[in-house]
Amino acid sequence: MKTIIAAAMIAILLSLGVSGMADVPAKGGNALIASGSKSRYTIIVPDKPTPVVAHAARELQRSIAEISGAKLAIRRERDAGDRPGFLLGPCKRSNTAGVQKELSALREDGVLIKTVGKDVVLLGQNDRGQLYSVYVLLERYFGVRFLARGCTLIPKQRTLRLPEIDCAYAPPFMYRETLYYDSFPRDIATRQRLNGPRSECGSEVGGKIQIFPYVHSFCKLVPPEKYFAEHPEYFSLVKGVRTNLTIHGQLCLTNPEVLKIATAQVLKWIEENPDVPIFDVSQNDGEGACECEKCTAVVKEEGSQHGPILRFVNAIADEVAKKHPDKWIETLAYAYSTKPPALTKPRKNVIIRLCHAGCYFHGFEQCGLGAGLAENLSKWSTLTDKIFIWHYSTNFAHYIAPCQNLSGMAKDIRYYAAHNVRGLMVQCDYQSPGGDLAELRQYLASQLMWDPSLDPMAVRREFCTGYYGAAAVDVLAYLRLLDKAAEDPNVHAFGAWDPKGTASPAMVAKGLKLLGRTRLRTLTPEQVNRVDRLFLPLWYMQLTHPAEYGLDPATAHSIVSEFKRVAHASKITQISEGGGIAPWLAGMETKFSAK
Ligand SMILES: [Zn+2]
Ligand SMILES: [Zn+2]
């Protein structure tokens, strides 16, 4: 509750045009942390600090030094004396019954930041929470913003104060992942509290949520290359023929031999990967569910294609629970299997990963194209409290094209949080840096996954102010233009669509005009590069459809050159999922060769 008030306060202050939170706690604060480059405070760690505590202490030390100029010493508790301190990890001084009680009430990755006497206690529900407690302190009370890889906003404060703090918070989503290329490196992932399997977070920063294998594991559980020749009956019967396809082919889930082989394989995976908490037992990509008599009968009984899947997964989960009660089994509800079964419920150690199947643009529950997803999620949430969501947020066929779904994505994340969802992956441009509004979408998604009560528009404003500097006003106007286009109830987007249907020539022309104003602003070279990247989606539309989007033949060649320069400077290597940018650029150079 307390933390929600703090979040709401940030939103109100930002909406009033107060940029950053730096001044707010200082004015109301009563504990003087640093003045000039001097401080009475020490960073205190246990006598035997874990690598995570040591890392968290260094992060706090470095950040406070950057904010105030004061470099606080890091001391082990036995050497710390009685000076006031930031107490990280389980120190004797912070080991009170009250602190332990609050800590034990937190869910995964939760943080506890608490003023105890003159000390500030920083603890976590787990190792990740321990490190995150430092980042939450820096964000909430010192106004630091981890906007993007290579862009942290550190408001300078010669006099650094803290108010009395009593903050116990855990995010609603235990698993948070954006699947943007620039969200994977360790430091940005931990600072934005992204903990997915693709993040490069080792044990020294509290590790990550590991899932093995990632998804679509039927073909790994019962490999067709090993079994199909002798036992075609293990595989799905599609239109009267058993299939060994690993896309658009599945297993025959009612065959007891298949269950036996798959169970043994999962138990083997667990023994081979003792540190992994979640193991995947999920359908292959595409369609191809088994149409044999027994499988069809289960589908009929359950009124859903997920019937045979869930019975199969539950049976494996029961065997796993006997030997490994701390391990979870994940399965997909995807493509043909999103509707929950009528009779069978997931076991307690089963995670349902439901896949996004609704319009991107205005929040799926507000669009007829998303009605099925809203209904399915609503039903699944009555059957289990372990739902993960696989959410899509880019145009997979046109990474660089405009994808005006910022408001829709924010609505969807908040919808998931309100419907019992415990894990969320927002799949974006994972194969290369860049993509339409990549840095902003990553920041917005990570902030909302940590705290869905934040005002998305305030998050957007603080990002633009920090990232684009004096050009923020133009960028915000451009974003309003994109929002307006996405509000059109007749414009829908999902998966891999032709952007001609969603980005009109008028929108592109207006966007170029708005972004053109940024050229009049005084910007740093870094900010110029960031603004340059915003032009790519609009140029992309012009270059791919020159006549419709009013590309002036006289300037076409120079736009291709600019596109190439900006893409290279930003290390963008993909134009679409699986499509390299180099051949596309070569094609454009030929198409618009200098006369
Ligand atoms: Zn079958
Ligand atoms: Zn729609």
Side-chain angles (χ1 to χ4, degrees), residues 218-219 221-222 224 227-228 231-246 248-262 281-284 286-302 304-316 331 336-337 341 344 356-375 377 391-395 402-413 415 482-504 507:
F218 277 2
C219 56
L221 285 163
V222 186
Y227 293 103
F228 189 77
H231 295 286
E233 75 279 11
Y234 290 177
F235 299 86
S236 59
L237 182 74
V238 180
K239 293 186 181 142
V241 184
R242 296 282 172 179
T243 175
N244 62 352
L245 295 176
T246 54
H248 298 308
Q250 309 292 342
L251 297 174
C252 177
L253 297 170
T254 51
N255 183 317
E257 286 305 310
V258 172
L259 178 62
K260 216 186 278 176
I261 295 165
V281 177
S282 69
Q283 67 204 68
N284 295 330
E287 307 285 321
C290 186
E291 296 163 1
C292 81
E293 209 174 303
K294 279 174 83 180
C295 288
T296 306
V298 178
V299 171
K300 213 170 159 194
E301 261 177 67
E302 297 275 12
S304 157
Q305 279 288 356
H306 212 283
I309 295 174
L310 192 55
R311 291 186 189 188
F312 181 77
V313 168
N314 275 350
I316 293 175
T331 193
Y336 60 88
S337 74
T344 307
H356 183 192
C359 179
Y360 282 19
F361 267 14
H362 5 261
F364 63 80
E365 85 280 19
Q366 280 152 15
C367 177
L369 298 183
L373 176 61
E375 191 187 336
L377 174 56
H391 187 86
Y392 304 109
S393 202
T394 187
N395 184 336
C403 177
Q404 52 274 46
N405 70 346
L406 286 179
S407 288
M409 183 188 76
K411 283 181 197 164
D412 290 343
I413 293 175
Y415 187 91
L482 300 185
D483 283 345
K484 212 165 164 10
E487 279 167 14
D488 184 342
N490 301 310
V491 173
H492 308 287
F494 182 76
W497 68 93
D498 182 350
K500 257 170 79 180
T502 52
S504 70
M507 189 198 92

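When reading the values below, keep in mind they use all heavy atoms of this one structure, side chains included, and skip hydrogens, waters and symmetry mates. We count ligands from 1, going down the list as the structure has it; atoms in each ligand are counted the same way.
H492 contributes ND1 as its N, O or S atom closest to the Zn ion (ligand 2).
Side chain of Q283 to main chain of F218: no donor-acceptor pair is present (N/O by atom type, distance under 3.5 Å, no hydrogens or angles). A donor-acceptor contact shorter than 3.5 Å links the side chain of S304 to the backbone of H306. Checking side-chain atoms of Y336 against main-chain N and O of G286 turns up no donor-acceptor pair under 3.5 Å.
Between E257 and K260 there is a salt bridge, since a side-chain N of the basic residue sits under 4.0 Å from a carboxylate O of the acidic one.
Here the angle at the Zn ion (ligand 1) defined by SG in C295 and SG in C290 stands at 110°, rounded to 10 degrees. Considering the Zn ion (ligand 1) as centre, the angle to SG of C292 and to SG of C252 is 110° (10° rounding). An angle of 120° is found at the Zn ion (ligand 2) between C359 atom SG and C367 atom SG, rounded to 10°.
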